[in-house]
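Note sheet for the following structure.
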Amino acid sequence: MTKTKSGSCLCGAVTFTATPHTMGMRACHCNTCRRWSAGPFMTLGCDDVAFDDESQLGVFKTSEWGERGFCKTCGTSLFWRMQDKSGYGVSISAFEETDDIPFGLEFFIDEKPANYEFAGSAKKLTGKEVFAMFTQDDN
């Protein structure tokens, strides 16, 4: 299983540990992520995210199912998560160590503007494909 990683916001007011469920970095190109993070939101898919002190953690609901977390003091974008906290995309830049995390997946490739492109061969999913992943019937 993947080992726990530690991280924090820019000012250190929000610190956390998280257990990645994948060791591949993901980039989301959806309009909301790009507006929120001033570019594609680069994340690591995690479970079991634990904050040392949630008093400086702000949470903003951005859809019927998702919400985003940030530091109330410095404004650092920290995560996107399901409202039921069943899954997190934690900002790759908030982790202390990231050298061992390869680039693996691009979400909402159909919303990516034409003015940038990532090198490499990461898997690319459209918004329709992303929603299909989350709404699959397991029966």
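Treat the numbers as computed from the prediction; the structure is a model and nothing was measured. Values below: every heavy atom of this structure, side chains too, minus hydrogens, waters and symmetry copies.
Inter-residue side-chain proximity for V49 and V90 is flagged as met; some heavy-atom pair is nearer than 4.5 Å. For the pair T43 and I92, the minimum side-chain heavy-atom distance is 4.5 Å or more. Between C71 and C11, the closest side-chain pair of non-hydrogen atoms falls below 4.5 Å.
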- request: Kindly determine whether K3 and D100 satisfy salt bridge (charged side-chain N to carboxylate O under 4.0 Å, His left out), including the steps that lead there.
  value: CA-CA 11 Å; K3 73 177 202 168; D100 62 337; 5.7 Å; no
- request: Please assess V14 against E54 for the test side-chain contact (heavy atoms from CB on, under 4.5 Å), listing each intermediate value before the final yes or no.
  value: CA-CA 7 Å; V14 178; E54 292 192 27; over 6 Å; no
- request: Kindly indicate, with the supporting measurements, whether the criterion side-chain contact (heavy atoms from CB on, under 4.5 Å) is fulfilled by K5 and L44.
  value: CA-CA 10 Å; K5 292 190 156 298; L44 183 61; 4.1 Å; yes
message: Please evaluate residues F41 and W36 with respect to the criterion ring-ring contact (aromatic ring centres under 6.0 Å, His included), reporting the C-alpha separation (whole Å), side-chain torsions for both, the decisive distance (0.1 Å), and the verdict.
response: CA-CA 8 Å; F41 190 44; W36 185 56; 4.9 Å; yes
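Nearest heavy-atom pair, G66 versus W80, reported as atom, atom and distance to 0.1 Å: CA-CZ2, 3.8 Å. Nearest heavy-atom pair, A27 versus M42, reported as atom, atom and distance to 0.1 Å: CB-SD, 3.4 Å. Counting all heavy atoms, side chain and backbone alike, R26 lies closest to G45 at NH2-CA, 3.1 Å. Closest non-hydrogen pair, L105 versus A122, comes out as N-CB, 3.9 Å.
Interatomic distance, CG of L125 versus CG of D110, reported as 10.0 Å (0.5 Å rounding).
Counting non-hydrogen atoms of other residues, nucleotides and ligands closer than 6.0 Å to CG of D99 gives a total of 12 or fewer.
By the salt bridge (charged side-chain N to carboxylate O under 4.0 Å, His left out) test, E64 pairs with no residue at all, sequence neighbours left out. Partners of S86 by side-chain hydrogen bond (donor to acceptor under 3.5 Å, both in side chains), not counting sequence neighbours, listed by chain and number: D84. Contacts of F107 classified as ring-ring contact (aromatic ring centres under 6.0 Å, His included), with partners at least two apart in sequence or in another chain: none.
Residues F131 and I109 are members of separate hydrophobic clusters, defined by side-chain heavy-atom contacts under 4.5 angstrom among Ile, Leu, Val, Met, Phe, Trp and Tyr. W65 and V130 fall within a single hydrophobic cluster, where Ile, Leu, Val, Met, Phe, Trp and Tyr are joined by side-chain heavy atoms under 4.5 Å apart, directly or via other members.
Of the possible donor and acceptor atoms, none in the side chain of E111 sits under 3.5 Å from a partner among the backbone N and O of F108. One N or O on the side chain of T126 and one on the backbone of E129 form a donor-acceptor pair closer than 3.5 Å. With hydrogens and angles disregarded, a donor-acceptor distance shorter than 3.5 Å links the side chain of S37 to the backbone of G39.
Sorted by first then second residue, the salt bridge (Lys or Arg N to Asp or Glu O under 4.0 Å) pairs that include residues 117-128, not counting sequence neighbours, are E106-K124, K112-E117. For residues 87-97, the side-chain hydrogen bond (donor to acceptor under 3.5 Å, both in side chains) pairs, not counting sequence neighbours, are R81-Y88.
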Pairs of donor and acceptor atoms involving the side chains of residues 55-62, under 3.5 Å and at least two apart or interchain, shall be tabulated with distances.
| residue | atom | partner | partner atom | Å |
| --- | --- | --- | --- | --- |
| S55 | OG | D53 | OD1 | 2.9 |
| S55 | OG | D53 | OD2 | 3.1 |
| Q56 | OE1 | T73 | OG1 | 2.7 |
| T62 | OG1 | R68 | NE | 3.3 |

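With no hydrogens or angles considered, no side-chain donor-acceptor pair links T19 and D47 at under 3.5 Å.
By the 30° and 60° cut-offs, the orientation of the rings of F16 relative to F95 is perpendicular. Using cut-offs of 30° and 60° on the angle between ring planes, the pair F118 and H29 is tilted.
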